[in-house]
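Remarks on the structure that follows.
What you see below is based on every heavy atom in this structure, not just the backbone, and it leaves out hydrogens, waters and symmetry mates. We count ligands from 1, going down the list as the structure has it; atoms in each ligand are counted the same way. It should be emphasised that the depicted structure is a prediction, and the values quoted were computed from it without experimental measurement.
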Amino acid sequence: MMVRFRTLSSSCARSYFWRTACMASLTFSSWANIAGQNPVRYLGFAEVQETLRLNAASGLPGSAIQESAEWDTWISARDAEVRGRIDRGIEDSVSNLVLYGTSFTSLPRVESVERATSEAGELVPAVIARIHALAVALSSDTNNERVRFVREFLARKGIRRNTEEPYFTENLRRFIAEQAGYQNRLQDAANDTDPSAVYLARGTLFKTRGLSVDTSLLPNLALEQTLRAMLQKGALTTGSMRRIAVIGPGLDFTDKRDGYDFYPLQTLQPFAVLETVARLGLGKAEDLQVVCLDLNSAVVAHVQKLRERGRAGQVYTVQLPRDTRAEWSPEAIAYWKGFGEILGSPAKPLSVPATLGGVVVRAVAIRPRYAARMQVYDVNIVAQTLDLPTSAGFDLVVATNVLVYYDRFQQALAMANIARMMNHHGIFMANNVLASQHTSDLEYLGRRTTPFTPSGAYGDDIVVYRRK
Ligand SMILES: C[S@@+](CC[C@H](N)C(=O)[O-])C[C@H]1O[C@@H](n2cnc3c(N)ncnc32)[C@H](O)[C@@H]1O
């Protein structure tokens, strides 16, 4: 059942700050160099008028603001509040590491969050043993990237030596309770007589959750399948894309689904989307530019580093694990096997820990020229925008597993913001239903489901909008 959307007409014009005729001939890289200044700024009151008007009756925080000064105060406070959720996201990743990590212990992984507690709600002994193992690893002289990350994080949070175990325990209890809360919310929606209730509940499910960085391969398959279907239907033309924005590329720390941590931190989506666009002939691999927008400094630093290393002629090697017991669909397996065929060449994968029976891994060395092509900005897409010259608008914007962390008003702000950075007829794709009262600059084209398993129990819903 399709979720119904309402798009109302708009009088809001895109901001043309910086979009002067004399800028039109600049290429993006020359612009970035010439500007030599940070093009990131808060969304101004004038450019959120349409979103405010559409959401005035929503009752959502910020939606009733009527004055510019009040807006300026609110939007910078929201930015701080959103960024304040980053640490809780890291704490969630630490909980995933405790439950699933294999790099710091040979103890068996916990099968799922549900198996982490007894019927009485207490952490099971296997989990307590894993908490202890992580605390021991922290005090060792380890090269483990994730353990060092956790150590630095604890130091920044003021968690003293020998108090790590109670901290991990409390953190895990909170995490498990939150997970149960999400399950309950989805179950309530499933019991609702309105069949669209589940999609609507999913759309803002994590609106108060910590901001996770976790990422995995398969959402990119859903993006590729959706773009392919659009191309086949004539909704897209070959050669129409040059500049791509990836909002929230993420970092594979310990994914909440598979939880692998036996390879270095990596990001996949910027390369996946670049390769998809090239594979489908929507743009030429050699001409495409990818701009990553993320508010997490670890993600920003990671992309900056891979770009610098690419410029220095170094490949970026990614590891692609697949659990052979997970019953991926033939399309998912084909995507996994083909990943990197345009951008890189096969590399020797890291060996899989013995505790991960059934997991196979491919590795791809992405050519330096593609890594060097990545750009990244520290941007909170809900509150901040990039002032781009006319020649540097985006033809494709993807944001998967990002907007689900925001309420509908904030989603509407993000959508208007995305629209103002896009070229006319550009495509915006997300993987959750965005039922917000959003800018009429974005026309809803539809939703497509890509199953990742033959049963369809695991998959992604991609929603597509076109910039008018
Ligand atoms: C769960 S990860 C998803 C990664 C990847 N897109 C995927 O689907 O696998 C969410 C990413 O979005 C980023 N993010 C969350 N809120 C954001 C915002 N308001 N602006 C920019 N990035 C955001 C996070 O820092 C993280 O990198």
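When heavy-atom distances to ligand 1 are checked against a 4.0 Å cut-off, Ala414 has no atom that comes that close, whether in backbone or side chain. Only the side chain of Val402 comes within contact range of ligand 1, with a heavy atom under 4.0 Å; no backbone atom does. When heavy-atom distances to ligand 1 are checked against a 4.0 Å cut-off, Ala399 has no atom that comes that close, whether in backbone or side chain.
The atoms of ligand 1 that sit less than 4.0 Å from any heavy atom of Val379 are 20 (N), 21 (C). Ligand 1 places these atoms under 4.0 Å from at least one heavy atom of Gly248: 3 (C), 4 (C), 5 (C), 6 (N), 11 (C), 12 (O), 13 (C), 27 (O). Set against the non-hydrogen atoms of Tyr406, the atoms of ligand 1 under 4.0 Å away are 15 (C), 16 (N), 17 (C), 18 (C), 19 (N). Interface atoms of ligand 1 facing Asn380, defined by a heavy-atom separation under 4.0 Å, are 18 (C), 19 (N), 20 (N). Here is the list of ligand 1 atoms found below 4.0 Å of a heavy atom in Ser216: 9 (O). Against a heavy-atom cut-off of under 4.0 Å, Gly250 is close to the following atoms of ligand 1: 4 (C), 27 (O). Applying the 4.0 Å criterion to heavy atoms of Asn401 picks out, from ligand 1, the atoms 1 (C), 2 (S), 3 (C), 7 (C), 8 (O), 10 (C). Under a 4.0 Å criterion applied to the non-hydrogen atoms of Asn296, ligand 1 contributes the atoms 25 (O).
A salt bridge (Lys or Arg N to Asp or Glu O under 4.0 Å) with Arg209 is found for exactly one of Asp214, Asp407, Asp92, namely Asp92. Of the options Leu396, Val277, Asp395, a side chain to side chain contact (heavy atoms under 4.5 Å, CB included) to Arg242 is made by Asp395 and by none of the others. With respect to Met421, the side chain to side chain contact (heavy atoms under 4.5 Å, CB included) criterion is satisfied by exactly one of Asp387, Leu293, Val291, Val397: Leu293.
Using a cut-off of 4.0 Å between Lys/Arg side-chain N and Asp/Glu carboxylate O, Glu47 and Arg41 are scored as salt-bridged.
With sequence neighbours left out, Phe104 forms a ring-ring contact (aromatic ring centres under 6.0 Å, His included) with no residue at all.
A cation-pi arrangement, defined by a distance under 6.0 Å to the six-membered ring centre and an angle within 45 degrees of its axis, is present between Arg85 and Tyr406. Within the cation-pi definition used here (under 6.0 Å to the ring centroid, within 45° of the axis), Arg447 qualifies as a partner of Tyr199.
The option from Asp214, Asn220, Asp79 that lies nearest to atom 1 (C) of ligand 1, judged by heavy atoms, is Asp214. In the candidate list Asp378, Asp294, Leu268, Thr267, Asp294 is nearest to atom 27 (O) of ligand 1, counting heavy atoms. Nearest-residue assignment for atom 10 (C) of ligand 1 (options Ser212, Ser297, Ala298; heavy-atom criterion): Ser212.
Ring pair His302/Tyr316 is perpendicular by interplanar angle, where above 60° counts as perpendicular and below 30° as parallel.
Among the atoms of Pro219, none of the N or O lies under 3.5 angstrom from an N or O of ligand 1. Between Ile247 and ligand 1, not a single N/O pair is under 3.5 Å apart.
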Open item on the list: side-chain hydrogen bond (donor to acceptor under 3.5 Å, both in side chains) for Thr215 and Asp252? Distances and angles first, verdict last.
Closed with: CA-CA 5 Å; Thr215 184; Asp252 190 347; over 6 Å; no

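Nearest heavy atoms, Pro451 versus Ser329: O-OG, 3.8 Å.
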